[in-house]
There are 2 protein chains.
Amino acid sequence: MTDQFELNMDEYLPLREVVFKTLRKAILTGELKPGERLMEIHLAKKIGVSRTPIREAIHKLEQEGLVTMMPRRGAIVAEISEKGLRDVLEVRRALDTFCAELACERISEEEKEALRAACIDFEEAVKTGDATVIAKADVAFHDIIIGATGNERMVMMINNLAEQMYRYRFEYIKDVSNRERLIKEHRVLMDAILKENVIGARDAAREHIDNQEKSILMQIHLED
Amino acid sequence: MTDQFELNMDEYLPLREVVFKTLRKAILTGELKPGERLMEIHLAKKIGVSRTPIREAIHKLEQEGLVTMMPRRGAIVAEISEKGLRDVLEVRRALDTFCAELACERISEEEKEALRAACIDFEEAVKTGDATVIAKADVAFHDIIIGATGNERMVMMINNLAEQMYRYRFEYIKDVSNRERLIKEHRVLMDAILKENVIGARDAAREHIDNQEKSILMQIHLED
DNA sequence: GATGGTAGAATTGTATACAAAGTACAAAAT
DNA sequence: ATTTTGTACTTTGTATACAATTCTACCATC
């Protein structure tokens with residue numbers, strides 16, 4: 001009587017989506033480096049499809065801000081300037097602090113429980129020392145807060161902004177010296193939200209982004 | 001000695017862009033109504049191009065949130081729910097208040113002058129009574145404030161959010177009873193920014209969006 | 001040596017062809 | 001009368017062909 005026949009009838013994914021995900025991953029992991037050209041025929045041959053889905057995927061990546069297109073001369077992996085990063089972080093600061101406020105007002109009991117669990121998961125992840133695991137746990141923690149706003153548009157927009165910074169964020173997490181601070185910041189943010197302390201949550205969220213910005217900008221400057 | 005040779009070397013626009021703009025305008029003006037199907041062959045014949053640029057334009061519209069696609073069954077003009085509108089407005093509230101704050105801190109003398117001019121232009125536009133003219137002057141006024149932040153990403157994101165609501169916003173402006181209030185709100189917001197009164201600017205921006213939300217939601221409910 | 005022009009290759013933009021899936025509707029079955 | 005099913009017709013997804021533009025390299029000219 002249950003939906004036991006809910007077997008995945010919807011396993012179809014257009015090739016353009018497959019290609020899109022493939023290329024996005026390649027960009028976010030650094031396999032495709034900023035400035036590198038994306039040539040349709042080459043990618044088509046490499047991935048084993050025709051040019052059409054490649055083009056559609058590249059256009060989607062352009063909309064996401066991960067590639068830059070110039071008419072009649074193709075696409076390159078987007079180069080993000082320091083100014084661009086600052087801009088992204090500035091928007092995130094506005095949205096994340098707002099999310100923290102909203103979360104205080106709207107978070108449900110289930111979400112509170114999930115938040116506690118995610119906070120502990122994050123601390124466990126730090127213990128493993130694996131940056132990939134830590135990054136995932138970090139994303140999960142923040143997703144709960146953002147999701148607690150109940151605002152799907154907000155979720156989409158913040159996810160997109162986060163994507164822009166994925167590479168730098170990952171480097172930030174790899175830096176062991178940041179990890180204890182991250183744990184502390186998560187705790188402060190969580191406690192404020194659990195107590196529905198709006199001002200405390202907002203301040204904690206701002207502090208969290210500020211520190212992220214400092215580290216990322218420092219790291220960028222080191223790269224020269 | 002000026003840039004008098006800046007002649008439009010870049011008059012080339014890919015067909016996909018032309019089609020995109022055409023369709024977007026049709027959606028925003030209500031010529032294509034929410035729920036209406038966008039069929040590639042029909043549009044191709046109507047506009048006089050092949051399916052390829054049509055497809056690319058539709059995909060772009062999907063990314064902008066103006067159309068909804070279902071794999072293998074095509075695209076429809078996006079239907080925006082009341083919840084969706086509330087969500088958009090909520091994000092705008094966060095961003096617009098933040099922009100107002102930033103504008104106080106960063107606005108240049110030239111931008112202050114432009115803001116004064118735009119405010120007067122808006123009042124003049126209201127006198128004409130033409131909703132299209134008013135809407136344009138309104139957009140110009142807000143564009144100066146957003147632009148004063150110097151954050152290009154912010155500009156892009158707010159523009160996209162504004163686009164989602166264009167139809168409703170337009171109805172709002174058409175309602176004569178709102179116009180005097182709009183003038184007053186613009187004045188209050190401008191004065192706060194010119195005086196670099198951060199708190200006043202933020203409050204004025206919030207009030208501005210709150211009133212917009214009230215009117216738009218009321219209008220939606222009337223439509224039933 | 002620098003400049004400019006030209007042929008050819010490479011690449012993107014657009015159109016079209018073909019395959020696969022979805023839709024609509026009428027005839028048949030219950 | 002309602003549901004099922006078969007079939008013709010649309011429509012989308014992908015591949016490929018062709019056109020237009022840009023890039024590259026080389027040669028001629030100054």
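Residue numbers begin at 1 in each chain, while the letters A, B, ... track the order of the sequences.
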From D/dT12, D/dT14, C/dT14, nucleotide with atom closest to B/I41 side chain: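 Of all the options, the side chain of B/I41 is nearest to D/dT12.
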Side chain of B/S50 (C-beta onward), nearest among C/dT12, C/dT14, C/dT11: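 Comparing C/dT12, C/dT14, C/dT11 against the side chain of B/S50, the answer is C/dT14.
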Rounded to whole Å, how long is the line connecting atom [atom1] of [X] with atom [atom2] of [N]?
| X | N | atom1 | atom2 | value |
| --- | --- | --- | --- | --- |
| A/E17 | D/dG13 | CD | P | 10 Å |
| A/L15 | D/dT16 | CG | P | 12 Å |
| B/K45 | C/dT16 | NZ | P | 12 Å |
| B/R55 | D/dT11 | CZ | P | 14 Å |
| B/E56 | D/dG13 | CD | P | 13 Å |
| A/M70 | D/dT22 | CE | P | 12 Å |
| A/E40 | C/dG13 | CD | C1' | 9 Å |
| B/L13 | D/dA20 | CG | P | 18 Å |

B/N151 backbone acceptor or donor facing A/D87 side chain under 3.5 Å: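 No; judged by distance alone, with no hydrogens or angles, the pair does not exist.
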Any donor-acceptor N/O pair, B/Q63 side chain to B/K60 backbone, under 3.5 Å: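 No, the answer is negative, given that no donor and acceptor are paired below the 3.5 Å cut-off.
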Verdict with reasoning, A/H221 to A/E82, per side-chain hydrogen bond (donor to acceptor under 3.5 Å, both in side chains): CA-CA 9 Å; A/H221 289 144; A/E82 180 176 336; 2.8 Å; yes
Phosphate OP1/OP2 of C/dT11 contacted by A/H42 side-chain N/O (<4.0 Å):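 Yes, within the criterion.
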side-chain hydrogen bond (donor to acceptor under 3.5 Å, both in side chains) between B/S177 and B/D175, intermediate numbers included: CA-CA 6 Å; B/S177 68; B/D175 184 344; 2.8 Å; yes
Test: A/R206 and A/D96 ion pair at under 4.0 Å: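 Salt bridge between A/R206 and A/D96, a charged N being under 4.0 Å from a carboxylate O: no.
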A/E36 with A/K33: basic N within carboxylate O range, under 4.0 Å: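 A salt bridge is absent here (no side-chain N lies under 4.0 Å from a carboxylate O).
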Find every protein N or O atom lying less than 3.5 Å from an N or O atom of nucleotides 17-24 of chain C, and list the pairs.
none

Sugar-phosphate, base or nothing in reach of A/I54, heavy atoms under 4.0 Å: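 Answer is nothing: A/I54 stays at 4.0 Å or more from every strand.
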Which residues share a ring-ring contact (aromatic ring centres under 6.0 Å, His included) with A/H208, sequence neighbours left out: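 A/H208: ring-ring contact (aromatic ring centres under 6.0 Å, His included) contacts with A/H142, A/H186.
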